[in-house]
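Starting from 1, each residue takes its place in the sequence as its number. Everything numeric in this text was worked out from a predicted model, so none of it was measured.
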Amino acid sequence: MSRIAIITARGGSRRIPKKNIREFCGKPIIAYSIEAALNSNCFDEVMVSTDSMEIKDVAEEYGASVPFMRSDETSNDFATTADVIDEVLNEYTKSSLQFEVFACIYPTAPFLTVEKICDAMDIFCESDADALISIVRFGFPPQRGFIISEGSIKYQYPQFERVRSQDLEPIYHDCGQLYICKSDEFKKHHSFIMKNTIPFIMKEEEVQDIDTESDWRIAESKYRAMIQ
């Protein structure tokens, strides 16, 4: 079964300039995703999709392939990850290279280790799933969330006000690290969420959105704690 790891790394980060190649605990943050993918030995190809020559140079320095640059259509603020994956698969097809399975890995995923990639790939391959997504449980039950209406706080879901937290159904969210998918099924649905998408559950302490400077500092603290 042929497999490709696609690391999506656009150059235009506004909130954290040059986020995808910024130094994180000693090396560019994208290097963690590249090295984990390469060292997992799960893939026939590990590539980076980018519109930035600077990111291209860093990616190639750490061993990834950058066989083509992103188009203008997949480099703007409105392009989705699915759009990027479509472009990558189509470009490889033009070169007579097709992969049965791809893994999409984000460039800001230093918590994604070799072991996690291998475990996720084993789970995926041993199942009959069409896709796998890394998810994490919400730290606080969303069913107990508030909204602000005309200056006053109200329960968004008042029916759960008196339900014990332990009796509420756990809710999870995408943790933005790893997606594995059958290429043919992805092309049909243009989505990772299909009828037969299975979870790969991550620990809350090993997940962190990195959108602000505060997020970055928290992520570094969590990463140092993880590797101790």
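Of the charged side-chain nitrogens involved, at least one lies within less than 4.0 Å of a carboxylate oxygen, so that Glu213 and Arg22 count as a salt-bridged pair. Between Arg137 and Glu204, no side-chain nitrogen of the basic residue sits less than 4.0 Å from a carboxylate oxygen of the acidic one, so the salt-bridge criterion is not met. For the pair Lys116 and Asp119, the salt-bridge criterion is not met [side-chain N within less than 4.0 Å of a carboxylate O]. Salt bridge annotation for Lys182-Asp128: absent, with no cationic side-chain nitrogen under 4.0 angstrom from a carboxylate oxygen.
The aromatic rings of Tyr92 and Phe99 sit perpendicular to each other, their planes meeting at more than 60°, with 30° as the lower class boundary. Between Trp216 and Phe24, the angle of the ring planes goes over 60°, which puts this pair in the perpendicular group of the 30/60° scheme.
Applying the side-chain contact (heavy atoms from CB on, under 4.5 Å) test between Ile85 and each of Thr74, Thr80, Asn90, Ile6 identifies Ile6 as the sole match. With Phe200 as the partner, the side-chain contact (heavy atoms from CB on, under 4.5 Å) test is satisfied by one option alone out of Ile180, Ile133, Leu132, Val136: Leu132.
Within the 4.5 Å cutoff, no side-chain heavy atoms of Gln208 are placed close to those of Thr108. Looking only at side-chain heavy atoms (C-beta outward), Glu91 and Val88 stay at 4.5 Å or farther from each other. Looking at Met121 and Phe43, their side chains come closer than 4.5 Å, going by heavy atoms from C-beta outward. Contact check for Glu100 versus Arg3: no side-chain heavy atoms found under the 4.5 Å cut-off. Between Lys27 and Glu35, some side-chain heavy-atom pair lies under the 4.5 Å cut-off. Residues Asp130 and Lys195 have side chains not in contact (no heavy-atom distance under 4.5 Å, counting atoms from C-beta outward). Two residues are said to be in side-chain contact when any heavy atoms from C-beta on lie closer than 4.5 Å; Phe102 and Tyr179 fail this criterion. Inter-residue side-chain proximity for Ile210 and Ile218 is flagged as unmet; no heavy-atom pair is nearer than 4.5 Å.
Counted by atom type alone, Ser183 and Gln98 present zero donor-acceptor pairs between their side chains at under 3.5 Å.
Annotation for Tyr157: atom OH does not count as buried by contact number, only 12 or fewer foreign heavy atoms lying within 6.0 Å. The environment of NZ in Lys203 is sparse: at most 12 heavy-atom neighbours from other residues, nucleotides or ligands sit within 6.0 Å. Atom NZ of Lys56 has more than 12 neighbouring heavy atoms from other residues, nucleotides or ligands inside a 6.0 Å radius. Other residues, nucleotides and ligands place no more than 12 heavy atoms under 6.0 Å from the CZ atom of Phe78. More than 12 heavy atoms of other residues, nucleotides or ligands shown are found within 6.0 angstrom of CD1 on Ile227.
In this structure, Arg217 has no salt bridge (Lys or Arg N to Asp or Glu O under 4.0 Å) partners at least two apart in sequence or on a different chain.
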Steps toward side-chain contact (heavy atoms from CB on, under 4.5 Å) verdict (Gln177, Val207): CA-CA 8 Å; Gln177 295 194 20; Val207 168; 3.8 Å; yes
Test log, rule side-chain contact (heavy atoms from CB on, under 4.5 Å), inputs Phe146 and Lys154: CA-CA 5 Å; Phe146 295 122; Lys154 299 179 181 179; over 6 Å; no
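Cluster annotation: Ile123 is connected to Leu178 through the hydrophobic network of ILVMFWY side chains, with a link wherever side-chain heavy atoms come within less than 4.5 Å. Both Ile16 and Tyr223 are part of a single hydrophobic cluster, where members link through side-chain heavy atoms under 4.5 Å apart. In this structure, Tyr62 is a member of the same hydrophobic cluster as Ile105, with clusters built from ILVMFWY side-chain heavy atoms closer than 4.5 Å. Neither Ile147 nor Phe138 shares a network with the other; the hydrophobic side chains, linked directly or stepwise wherever heavy atoms of I, L, V, M, F, W or Y lie under 4.5 Å apart, form separate groups for each. A chain of hydrophobic side-chain contacts below 4.5 Å, direct or via other Ile, Leu, Val, Met, Phe, Trp or Tyr residues, connects Met53 to Ile55.
No side-chain donor-acceptor contact under 3.5 Å links Asp57 to the backbone of Glu54. Not one N or O on the side chain of Ser40 forms a donor-acceptor pair closer than 3.5 Å with the backbone of Cys118. Remark: the backbone N or O of Asp211 is not paired with any side-chain donor or acceptor of Asp209 at under 3.5 angstrom. Under the 3.5 Å distance criterion, the side-chain polar atoms of Thr8 are left unmatched by any main-chain donor or acceptor of Tyr106. Of the possible polar contacts, none joining the Gln143 side chain to the Phe160 backbone as a donor-acceptor pair under 3.5 Å is found. Between the Arg10 side chain and the Ser75 main chain, a donor and an acceptor come within less than 3.5 Å of each other. Checking side-chain atoms of Asp215 against main-chain N and O of Thr212 turns up a donor-acceptor pair under 3.5 Å.
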